[in-house]
Amino acid sequence: MEFRVERPTFADAVAWAARTLPSRPALPVLAGMLIEVTEQGGLTLGAFDYEVSAHATDEAAVAEPGRALVPGRLLSDIVRNLPNQPVDVFTKGSEVVVRCGPAEFGLLTLPVEDYPTLPEPPARAGTVPGDLFAAAVAQVTPAAGRDDTLPMLTGVRIDIEGDTMWLACTDRYRIAARELTWSPEEPDFTAGVVVPARTLADTAKAIKRGADVSICLGGTADTLIGISGGGRSMTSRLLDDQYINYRSRLTGTWTSVAEIQVAPFVEAIKRAALVTERGTPIRLAFTADEVRIRAATGDSARANESVGARLDGDDIDIAFAPQYLLDGLAGIDTEYARLECTGPTKAALLTAIPDKKDDEPDPENTDTGYRYLAMPVRLTG
């Protein structure tokens with residue numbers, strides 16, 4: 001095996017594949033990264049841990065086709081620190097040599113014949129713009145659970161009906177959901193799967209900007225999802241598809257509807273959170289033209305700040321964990337947001353209000369596809 005590739009191209013491909021490398025591999029060969037080159041000038045890097053696989057394909061100047069398995073994390077560290085010059089990679093005895101300008105490294109190869117076959121993704125179900133998909137995943141994944149004893153809650157639920165896709169996460173205390181339009185291969189395609197949230201977030205973040213993303217899903221018996229775009233692809237095992245009916249919880253009749261400018265609201269919450277300890281809530285008191293933001297840690301410190309707001313309905317005094325509130329607001333990319341409540345002990349819905357050219361937001365135009373439902377903290381005094 002021998003080939004030459006530009007350093008930025010090689011570094012990007014290695015970084016993609018290295019994301020899948022297990023920190024504690026069940027088998028020594030799973031710590032390896034598979035390098036394959038063909039006579040046609042195709043370079044493929046792959047990694048697999050029996051749960052998630054990653055492929056990166058690029059062009060290279062191939063002098064001799066072949067394949068080799070090398071320690072993946074070490075290769076990633078080396079390539080990341082190479083000078084910005086063409087990289088020559090070739091096998092020499094039991095080593096894979098990486099040479100870039102004056103720098104040369106030799107990596108002892110692992111037994112490539114012991115490496116498992118990387119799984120093939122299911123058939124392509126449709127495509128979605130990569131930037132839109134990445135933004136939607138980033139909006140919902142902060143609400144995913146962290147408790148591995150409840151694996152369903154550590155995933156992103158993906159529901160598809162025709163050209164509509166929903167992404168949702170919940171940790172039982174909040175729900176983040178995003179509705180978007182995609183392009184299915186079959187107009188009546190339907191699916192409902194749960195994908196590990198960490199894997200999906202890493203994948204969506206790393207796919208090249210501007211590339212369309214292909215979603216590969218099969219029938220009900222399939223246990224894999226495939227996502228690819230811009231010469232990068234991955235497969236992941238699916239989690240149990242049992243999930244709460246989150247969409248029914250995102251609708252309701254609200255007695256208090258507040259509209260508020262996001263940036264000053266976020267800054268005020270961050271300042272108030274400075275005096276909180278773990279488990280201490282932020283208290284929001286909405287009146288006709290403002291929201292008062294309060295927090296305290298016993299008698300040692302307190303914060304009190306007001307921000308302009310517009311309220312329709314009853315005045316309300318409600319409290320939230322500050323990070324939960326900030327996570328929901330981070331998913332809003334418009335100037336104004338809407339917070340809808342039915343009381344201080346009922347879940348409150350946070351949505352984005354589409355931007356307008358006018359100074360005031362349009363109260364009738366509410367659907368940007370993003371919804372964030374959070375349970376408040378019960379006030380004791």
Side-chain angles (χ1 to χ4, degrees), residues 1 3 5 10 12-40 42-58 60 62 64-79 89-91 93-96 98 107-125 148 151 154-155 193-203 206-207 214-241:
M1 180 184 74
F3 63 92
V5 63
F10 195 43
D12 183 70
V14 169
W16 172 269
R19 296 163 40 263
T20 305
L21 294 167
S23 55
R24 296 179 180 176
L27 299 172
V29 291
L30 296 181
M33 185 178 298
L34 186 64
I35 306 174
E36 297 182 273
V37 287
T38 64
E39 292 180 354
Q40 292 75 31
L43 166 65
T44 302
L45 301 176
F48 184 37
D49 67 354
Y50 286 118
E51 296 292 329
V52 182
S53 73
H55 281 88
T57 58
D58 275 300
V62 178
E64 181 180 349
R67 64 202 301 256
L69 187 68
V70 299
R73 293 192 183 277
L74 182 55
L75 178 65
S76 178
D77 290 341
I78 289 170
V79 174
V89 181
F90 56 92
T91 52
S94 59
E95 284 187 339
V96 166
V98 179
L107 297 164
L108 190 66
T109 58
L110 301 171
V112 69
E113 63 275 6
D114 293 343
Y115 198 69
T117 302
L118 273 65
E120 289 293 329
R124 188 171 77 169
D148 290 334
T154 65
V193 297
V194 183
V195 187
R198 189 178 305 169
T199 299
L200 191 63
D202 287 346
T203 299
I207 282 191
S214 295
I215 308 294
C216 302
L217 282 171
T220 56
D222 280 334
T223 59
L224 288 179
I225 185 173
I227 298 174
S228 61
R232 307 290 181 260
S233 62
M234 60 79 71
T235 65
S236 173
R237 287 192 179 276
L238 298 171
L239 301 174
D240 189 334
D241 63 358

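Since this is a predicted model, take the numbers as computed values, not measurements.
You'll find the side chain of L75 reaches within 4.5 Å of the side chain of I35, heavy atoms only. Annotation: side chain of D202 is not in contact with side chain of M234 (no heavy-atom distance under 4.5 Å). Two residues are said to be in side-chain contact when any heavy atoms from C-beta on lie closer than 4.5 Å; V89 and V96 meet this criterion. You'll find the side chain of R237 reaches within 4.5 Å of the side chain of L224, heavy atoms only. Looking only at side-chain heavy atoms (C-beta outward), V5 and D58 stay at 4.5 Å or farther from each other. Looking at heavy atoms from C-beta onward, V52 lies in side-chain contact with S236 at the 4.5 angstrom threshold. By the 4.5 Å heavy-atom criterion applied to side chains, Q40 and P65 are not counted as neighbours. At least one side-chain heavy atom of L34 sits under 4.5 Å from a side-chain heavy atom of V112.
Annotation: the span from L74 atom CG to M33 atom CE amounts to 10.5 Å, rounded to 0.5 Å. Here R124 contributes atom CZ and S228 contributes atom OG; the two are 8.0 Å apart, rounded to the nearest 0.5 Å. For the atom pair OG of S76 and CH2 of W16, the computed distance is 14.0 Å after rounding to the nearest 0.5 Å. Interatomic distance, CG of L69 versus CG of L108, reported as 11.0 Å (0.5 Å rounding). The distance from atom CZ of R73 to atom CD1 of I78, rounded to the nearest 0.5 Å, is 14.0 Å. A distance of 9.5 Å separates CD of E36 from CG of L43, quoted to the nearest 0.5 Å.
The nearest pair of heavy atoms linking L118 to A54 is CD2-O, 4.2 Å. Heavy-atom minimum distance, P116 versus V29: CD-CG2, 4.5 Å. Considering all non-hydrogen atoms of both residues, F48 and S53 come closest at CD1-CB, 3.6 Å. In terms of heavy-atom proximity, A17 sits nearest to A47 at O-CB, 3.3 Å. In terms of heavy-atom proximity, G32 sits nearest to Y115 at O-OH, 3.7 Å. In terms of heavy atoms, L239 sits closest to G155 at CD1-CA, 3.9 Å.
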Discussion item. Applying side-chain contact (heavy atoms from CB on, under 4.5 Å) to T154 and D148, what does each step give before you reach the verdict?
Written reply: CA-CA 7 Å; T154 65; D148 290 334; 4.1 Å; yes
Practice prompt. Report the C-alpha separation of L110 and V70 in whole Å, then their side-chain angles, then the decisive distance to 0.1 Å, and conclude whether the side-chain contact (heavy atoms from CB on, under 4.5 Å) test is met.
Written response: CA-CA 6 Å; L110 301 171; V70 299; over 6 Å; no
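Between R19 and T203, the side chains place a donor N or O and an acceptor N or O closer than 3.5 Å (distance only, hydrogens not considered).
Although no hydrogens or angles enter the test, the distance criterion places a donor-acceptor pair under 3.5 Å between the side chain of T109 and the main chain of S94. Side-chain atoms of Y50 do not come within 3.5 Å of backbone N or O of L30 as any donor-acceptor pair. Of the possible donor and acceptor atoms, none in the side chain of T44 sits under 3.5 Å from a partner among the backbone N and O of T57.
Among the candidates D12, L45, I227, the single residue satisfying the side chain to side chain contact (heavy atoms under 4.5 Å, CB included) test with R232 is D12.
Within 6.0 Å of CD on E113 lie more than 12 heavy atoms contributed by other residues, nucleotides or ligands. Heavy atoms from other residues, nucleotides or ligands lying under 6.0 Å from CD of E64 number more than 12.
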